[in-house]
Engineer: 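The structure under discussion is supplied below as structure tokens; questions concerning it will follow.
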Amino acid sequence: MGFIVLLIVGGLIGWVASMIMRTDGQQGIFLNIVVGIVGAMLAGFLITPLIGGAPITSGVISIQSVVVSLLGAVVLLAIINFFRRGALR
């Protein structure tokens with residue numbers, strides 16, 4: 001059950017991050033889920049130890065973990081856009 005919740009929350013986080021970075025029309029639901037989960041893992045490893053709390057990949061869903069995961073997904077999309085286009089958008 002936790003894996004299904006991670007897919008749903010990861011998809012929502014990836015979708016919101018793609019709307020923030022204005023790449024929503026370029027990627028589908030599968031890429032939104034991948035960006036959301038990978039961004040959550042990236043943020044879970046790098047940001048969460050600095051501020052405390054639990055990452056969303058551990059199954060704990062709180063406001064702090066969702067915001068940190070969203071930040072990680074936005075950073076991941078910025079890195080992807082940089083390598084894809086040569087500029088941050």
Engineer: As an exercise, state the distance from CG of Leu31 to OG1 of Thr23, rounded to the nearest 0.5 Å.
Structural biologist: 8.0 Å
Engineer: Looking at side-chain heavy atoms only, is the closest gap between Ile37 and Leu7 below 4.5 Å?
Structural biologist: yes
Engineer: Going by the rule side chain to side chain contact (heavy atoms under 4.5 Å, CB included), which residues pair with Leu46 if we only count those two or more places apart in sequence or in a different chain?
Structural biologist: Leu42
Engineer: Among Asn32, Ile13, Val35, exactly one meets side chain to side chain contact (heavy atoms under 4.5 Å, CB included) together with Ser18. Which residue is that?
Structural biologist: Asn32
Engineer: If you compare all heavy atoms of Val74 against all heavy atoms of Ala17, which two are closest, and at what distance to 0.1 Å?
Structural biologist: CG2-CB, 3.9 Å
Engineer: In a check of side chain to side chain contact (heavy atoms under 4.5 Å, CB included) between Ile79 and each of Leu77, Val75, Asn81, which one passes?
Structural biologist: Val75
Engineer: Minimum heavy-atom separation for Gly36 to Ala73, with atom names?
Structural biologist: CA-CB, 4.5 Å
Engineer: Holding to side chain to side chain contact (heavy atoms under 4.5 Å, CB included), I want the full list of residues that pass it with Ala40, two or more places apart in sequence or in another chain.
Structural biologist: Ile56, Thr57, Ser69
Engineer: Just jot down the side chain to side chain contact (heavy atoms under 4.5 Å, CB included) partners of Ile47, sequence neighbours excluded, or say none.
Structural biologist: Ala43, Ile51, Val68, Leu71
Engineer: Got a sec, which residues hit side chain to side chain contact (heavy atoms under 4.5 Å, CB included) with Val67, two or more places apart in sequence or on another chain?
Structural biologist: Ile63
Engineer: What pairs with Thr48 under side chain to side chain donor-acceptor pair (under 3.5 Å), at least two apart in sequence or on another chain?
Structural biologist: none
Engineer: Which atoms form the tightest heavy-atom contact between Gly44 and Pro55, and what is the distance?
Structural biologist: CA-CB, 3.7 Å
Engineer: Is there side-chain contact between Ile20 and Leu70, with heavy atoms separated by less than 4.5 Å?
Structural biologist: yes
